[in-house]
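Here the structure comes first, spelled out in structure tokens, and everything after it is commentary.
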Amino acid sequence: MHASFSRFTVTRTAVLVVMAGALGACVMNERLQTPLLVAGSRVLQVFWVNAYPDPNGIQILGRVRRQEFYLGSIRGHLHIEGRFADNSAPVTVDTRWNVLPARGAKTAAFQALLKTDRPTEVVLVRVEHRLYDDDRAPAT
């Protein structure tokens, strides 16, 4: 009986060590304080957008949902842009969201990596829903 108690104690200690390691990893990947500018559209709402440090740049995570009372299909993509203070060329990436249910107020997640070797110099991250591919946008 004493042996099984020891095994339980060792197992419980191992679980606590693993949980502490996971908590430490979350603290290390603390959300960046970079300002975020989010622009949805008449059909898609973008929300809960956060930026996190990544060894290859800045990881952008967020969620989308249909605008209230919109039941049609949602085309397009999310265009994400990181701007620098020195006005050098911004870093950009396009991404799509996971499957968005056709009905109800359900949401879908999205994520993207803004690849840059200067993540601390990014002063603004803009997330925008675009209906068309950047090279196929209609003439205005």
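- A heavy-atom distance below 4.5 Å is found between the side chains of R66 and L100.
- Rounded to the nearest 0.5 Å, atoms CD (E128) and NE2 (H79) are 6.5 Å apart.
- The distance from the CG atom of D54 to the CD atom of Q59 is 5.5 Å, given to the nearest 0.5 Å.
- Hydrophobic clustering (ILVMFWY, side-chain heavy atoms < 4.5 Å, transitive): V46 and V93 are in one cluster.
- In this structure P90 satisfies the side-chain contact (heavy atoms from CB on, under 4.5 Å) test together with E81, R83, sequence neighbours excluded.
- Note that CG of L114 is 12.0 Å distant from CG of N56, once rounded to the nearest 0.5 Å.
- Side-chain contact between H129 and W97 is present, with at least one heavy-atom pair separated by less than 4.5 Å.
- Qualifying side-chain contact (heavy atoms from CB on, under 4.5 Å) partners for R75, counting only residues two or more places apart in sequence or in other chains: Y132.
- Among residues two or more places apart in sequence or in another chain, the side-chain hydrogen bond (donor to acceptor under 3.5 Å, both in side chains) test is passed with D86 by S88, R118.
- A donor-acceptor pair under 3.5 Å links the side-chain atoms of Q67 to the main chain of S41, judged by distance alone.
- In this structure, the side chains of F84 and L124 stay at 4.5 Å or more apart for every pair of heavy atoms.
- Here CZ of R63 is found 12.0 Å from CD of Q45. Values are rounded to the nearest 0.5 Å.
- Shown here are the side-chain contact (heavy atoms from CB on, under 4.5 Å) partners of L36, two or more places apart in sequence or in another chain: V49, A51, V125.
- Counting side-chain heavy-atom gaps under 4.5 Å among Ile, Leu, Val, Met, Phe, Trp and Tyr, the cluster of F47 also holds W48.
- Residues forming a side-chain contact (heavy atoms from CB on, under 4.5 Å) with T95 (at least two apart in sequence, or on another chain): L78, I80, F110, A112.
- Both V91 and V38 belong to a common hydrophobic cluster when Ile, Leu, Val, Met, Phe, Trp and Tyr are linked at side-chain heavy-atom distances under 4.5 angstrom.
- Rounding to the nearest 0.5 angstrom, the gap separating the CG atom in L44 from the CZ atom in R42 is 11.5 Å.
- Counting heavy atoms from C-beta outward, V122 and I58 have side chains that approach closer than 4.5 Å.
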